[in-house]
Amino acid sequence: MYKSALFTDFYELTMTQGYFLQNHNPRVVFDMFFRSLPFGGGYAVFAGLETFLDKLKSFRFSDEDIQYLRERGCFQESFLEYLKEFSFKGDVYSVKEGSVVFPQEPLMRIEASLIEAQVIESMLLNQINFQTLIATKTSRMYLSSRKGKIMEFGMRRAQGADGAMSASRAAYIGGAGATSNTLGASLYGIPAVGTMAHSWVMSFDSELDAFRRYAEIYPENTVLLIDTYDTLGSGLENAITVGLELKAKGKPLGVRLDSGDLCYLSKEVRKGLDKAGLEDAFIVVSNELDEFIISQLLSEGAPIDSWGVGTRMVTGGKDSALTGVYKLAAREHGDSMLPVMKISNNPAKSSTPGIKQVYRFFDENGKMLRDMIALNDENMTEQGPLTFYHPMYQYKTFTLDDFDSVEPLLSMVMENGKTRMKSESLSDLQARCLRELDRMDESYTRLLNPHGYKISLSKELKTMKFDLIQKNS
């Protein structure tokens, strides 16, 4: 929503002024990746790319922005004059949006001047981290529902307007079939859904009258909220009365449960509907759902047809942020690019140097086997048996000689500041996500104790990384 280039951390601007005043603006390469998987899961779903690229194309400093920075008293006029003409003219490589991704591997690669690459860091992470988190959370709910009907109902609990809009977009990519967010539905082409609130029922003289009035207005989409007063008493009875009236006209009925023991209530409601001859009526549930609750309900045989999920989908629940970071991987040095890396006493926080590509290997059934991070000038698509090297421990290796195909994951999506990738609809991105989930073994997608998908280094990249560590130790 914010088009201003002030949508960045202040230290990005103080650093870029330092680069400018020192005439230190070499060509560089930055990687965006995340360090650990959210939700104790076995994978993540990459989202936010198109939103980021749209914001990057319009990343400009207006006259008002320049005046604000001038008033801060720490920016020189020559730097402010530079910012007046600023626009991103670099290259962006990325994994396809909707792809399944894993820790430590580059999801995006930015090749640009140091100032250009530095000043966009915060905006990039803001867009990618949040949407990837929400797409991942939603995909877990989709799988837990046994690929059922998931609806995103989270607008009122989202973190402000930006959070609500980004969450609606990302949730759809992750497998939600619809949203209650009308603006999100309009802008992103997502089906809009809504039933009724308890206030509708309470605003009429009787529950039956409230149900009938609603069915008169929306006979093709009647979903009655039956827990305002007495779910299995008046609620179910009045819903059956209206449902039979709709059935006589050839119209469908849905009922929604928003409180109580959803397993017990859904079973009793199903019995009541079936006994009344409303076997085709469907049951919708809501009320603080997440993937674990959905899985538990289905494991206990709850006859639920669709799920309205809000708070724990659009906020990420207990994991409220993705651990995405942005690290320098190479910088111009004479006529070549010099690999660089962050070295930490904690091996997991050391970055991987160089200009890289990520390769994904598949078996004969199209299932994912493992990923390899390699140097960009290596070609892993035409090689036979390959040795995979652990990204942190030199002595750990694995040889893969039984794979059917391999795909590079990073491709150019922006060149010289101009978008190069083909525009895709949100439905296309969701379809990619669901296909990729199907290409994973179930051991990686289970909720509890998922198997760890292996991310390895090529031999050349392993040698480069550990040589740099030894050189700087």
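Positions are given from 1, in the same order as the sequence printed here. As the structure is a computational prediction, the values presented were derived from the model and not from experiment. These numbers come from the heavy atoms of this one structure, side chains and all, not from hydrogens, waters or symmetry mates.
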Q: Begin from the C-alpha positions of Leu426 and Ile190 and carry the test side-chain contact (heavy atoms from CB on, under 4.5 Å) through to its verdict.
A: CA-CA 8 Å; Leu426 218 56; Ile190 303 171; 3.7 Å; yes
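- By the 30° and 60° cut-offs, the orientation of the rings of Tyr326 relative to Phe30 is parallel.
- At most 12 non-hydrogen atoms from other residues, nucleotides or ligands lie less than 6.0 angstrom from NZ of Lys149.
- Cation-pi contact between Arg370 and Phe361: absent, since separation from the ring centre below 6.0 Å together with deviation from the ring axis within 45° is not met.
- Between Glu288 and Arg157, at least one side-chain N (NZ, or NE/NH1/NH2) sits under 4.0 Å from a carboxylate O, which counts as a salt bridge.
- Across all non-hydrogen atoms, the minimal contact from Cys433 to Ile173 is CB-O, 3.3 Å.
- The environment of Glu364 atom CD is dense: over 12 non-hydrogen atoms of other residues, nucleotides or ligands sit within 6.0 angstrom.
- By the 6.0 Å contact criterion, CG on Asn346 is enclosed, its count of non-hydrogen atoms from other residues, nucleotides or ligands being greater than 12.
- Under 3.5 Å, the side chains of Ser4 and Asp65 contain a donor-acceptor pair of N or O atoms.
- Residues Thr132 and Val45 fail the side-chain proximity criterion, which asks for heavy atoms closer than 4.5 Å.
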Q: Report the C-alpha distance between Thr51 and Gln127 in whole Å, list the side-chain angles of each, state the deciding distance to 0.1 Å, and finish with yes or no for side-chain hydrogen bond (donor to acceptor under 3.5 Å, both in side chains).
A: CA-CA 7 Å; Thr51 309; Gln127 298 302 311; 4.8 Å; no
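- Here CG of Leu49 is found 8.5 Å from CG of Leu429. Values are rounded to the nearest 0.5 Å.
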**Q.** Verdict with supporting geometry, Lys356 and Asp31, salt bridge (charged side-chain N to carboxylate O under 4.0 Å, His left out)
**A.** CA-CA 9 Å; Lys356 299 175 288 294; Asp31 291 332; 2.4 Å; yes
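- Note: Leu53 CG to Ser58 OG = 11.0 Å, rounded to the nearest 0.5 Å.
- Scanning both residues, Leu187 and Met165, for their nearest heavy atoms gives CD1-CE, 3.5 Å.
- In this structure, Ala302 and Ser266 approach most closely via the heavy-atom pair CB-OG, 3.6 Å.
- Note that OG of Ser94 is 6.5 Å distant from CD1 of Ile128, once rounded to the nearest 0.5 Å.
- With 3.5 Å as the limit, one finds no donor-acceptor pair spanning the side chains of Thr323 and Arg35.
- Annotation for Phe204: atom CZ counts as buried by contact number, over 12 foreign heavy atoms lying within 6.0 Å.
- Geometrically, Arg140 does not engage Phe39 in a cation-pi contact, judged by NZ or CZ lying under 6.0 Å from the ring centre and within 45° of the ring axis.
- Atom CD of residue Gln430 and atom OG1 of residue Thr138 lie 10.0 Å apart, to the nearest 0.5 angstrom.
- Side-chain atoms of Asp401 and Phe403, non-hydrogen and from C-beta on, never get closer than 4.5 Å to each other.
- No side-chain heavy atom of Asn238 sits under 4.5 Å from any side-chain heavy atom of Leu224.
- Atom CG of Asn365 sits in a crowded spot, with more than 12 heavy atoms from other residues, nucleotides or ligands closer than 6.0 Å.
- Using a 3.5 Å distance cut-off with no hydrogens or angles, the side chains of Thr195 and Tyr214 do not pair a donor with an acceptor.
- Between Tyr393 and His390, the angle of the ring planes lies from 30° to 60°, which puts this pair in the tilted group.
- Within 6.0 Å of the CE atom in Met32, the count of heavy atoms belonging to other residues, nucleotides or ligands exceeds 12.
- In this structure the side chain of Gln104 never reaches within 4.5 angstrom of the side chain of Thr352, judged on heavy atoms.
- Residue-environment remark: OH (Tyr229) exceeds the threshold of 12 foreign heavy atoms within 6.0 Å.
- Figure legend: Arg439 and Phe362 shown as a cation-pi pair, the cationic atom lying under 6.0 angstrom from the six-membered ring centre and within 45 degrees of its axis.
- A donor-acceptor contact shorter than 3.5 Å links the side chain of Glu105 to the backbone of Phe102.
- The two atoms that bring Met380 and Ala374 nearest to each other are CE-CB, 4.1 Å, heavy atoms only.
- Side-chain contact, His198 with Asp258: no donor N or O sits under 3.5 Å from an acceptor N or O.
- With a 4.5 Å cut-off on side-chain heavy atoms, Phe59 and Met123 count as touching.
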Q: Carefully, step by step, assess Tyr142 and Lys147 under the rule side-chain contact (heavy atoms from CB on, under 4.5 Å).
A: CA-CA 5 Å; Tyr142 167 78; Lys147 303 180 181 179; 3.3 Å; yes
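- Contact between Ser351 and Lys342 at its shortest, heavy atoms only, is OG-N, 2.7 Å.
- Using modelled atom types, one side-chain atom of Thr315 and one backbone atom of Gly317 make a donor-acceptor pair closer than 3.5 Å.
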Q: Evaluate side-chain hydrogen bond (donor to acceptor under 3.5 Å, both in side chains) for Tyr188 paired with Thr179, printing each intermediate quantity in order.
A: CA-CA 10 Å; Tyr188 301 134; Thr179 181; over 6 Å; no
Q: Start with the C-alpha gap between Glu415 and Lys89, add the side-chain angles, then the distance that decides, and say whether salt bridge (charged side-chain N to carboxylate O under 4.0 Å, His left out) holds.
A: CA-CA 7 Å; Glu415 184 177 23; Lys89 298 182 178 66; over 6 Å; no
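- Summarising the geometry of Pro391 relative to Ser456, their closest heavy-atom pair is CD-CA, 4.4 Å, with the distance given to 0.1 Å.
- The existence of a salt bridge linking Arg432 and Glu424 is confirmed by a sub-4.0 Å separation between a basic side-chain nitrogen and an acidic carboxylate oxygen.
- Side-chain contact check for Ile120 versus Phe52: some heavy-atom pair is nearer than 4.5 Å.
- Looking only at atom types and distance, the side chain of Ser286 has a donor-acceptor partner in the side chain of Arg256 under 3.5 Å away.
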Q: Start with the C-alpha gap between Lys96 and Asp428, add the side-chain angles, then the distance that decides, and say whether salt bridge (charged side-chain N to carboxylate O under 4.0 Å, His left out) holds.
A: CA-CA 11 Å; Lys96 291 179 180 179; Asp428 292 332; over 6 Å; no
(Q) Before you tell me yes or no, could you show the steps for Leu461 and Ile373 under side-chain contact (heavy atoms from CB on, under 4.5 Å), namely the whole-Å CA-CA distance, both residues' side-chain angles and the distance that decides it to 0.1 Å? (A) CA-CA 8 Å; Leu461 182 55; Ile373 309 172; 3.6 Å; yes
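- Between Tyr43 and Tyr444, the ring center distance fails the sub-6.0 Å criterion.
- Put simply, the side chain of Val92 does not reach to within 4.5 Å of the side chain of Met412, judged on heavy atoms.
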**Q.** From CA spacing to verdict: salt bridge (charged side-chain N to carboxylate O under 4.0 Å, His left out), Glu111, Arg109
**A.** CA-CA 7 Å; Glu111 300 184 3; Arg109 189 173 84 226; 2.9 Å; yes
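- Rounded to the nearest 0.5 angstrom, Asp402 CG and Leu369 CG are separated by 8.0 Å.
- Within 6.0 Å of the CG atom in Asp280, the count of heavy atoms belonging to other residues, nucleotides or ligands does not exceed 12.
- Annotation: the span from Ile240 atom CD1 to Leu244 atom CG amounts to 7.0 Å, rounded to 0.5 Å.
- By the 4.0 Å N-to-carboxylate-O rule, Arg360 lies close enough to Asp371 to be salt-bridged with it.
- A 4.5 Å side-chain heavy-atom check between Ser87 and Arg60 finds at least one atom pair inside the cut-off.
- Between Arg169 and Glu97, at least one side-chain N (NZ, or NE/NH1/NH2) sits under 4.0 Å from a carboxylate O, which counts as a salt bridge.
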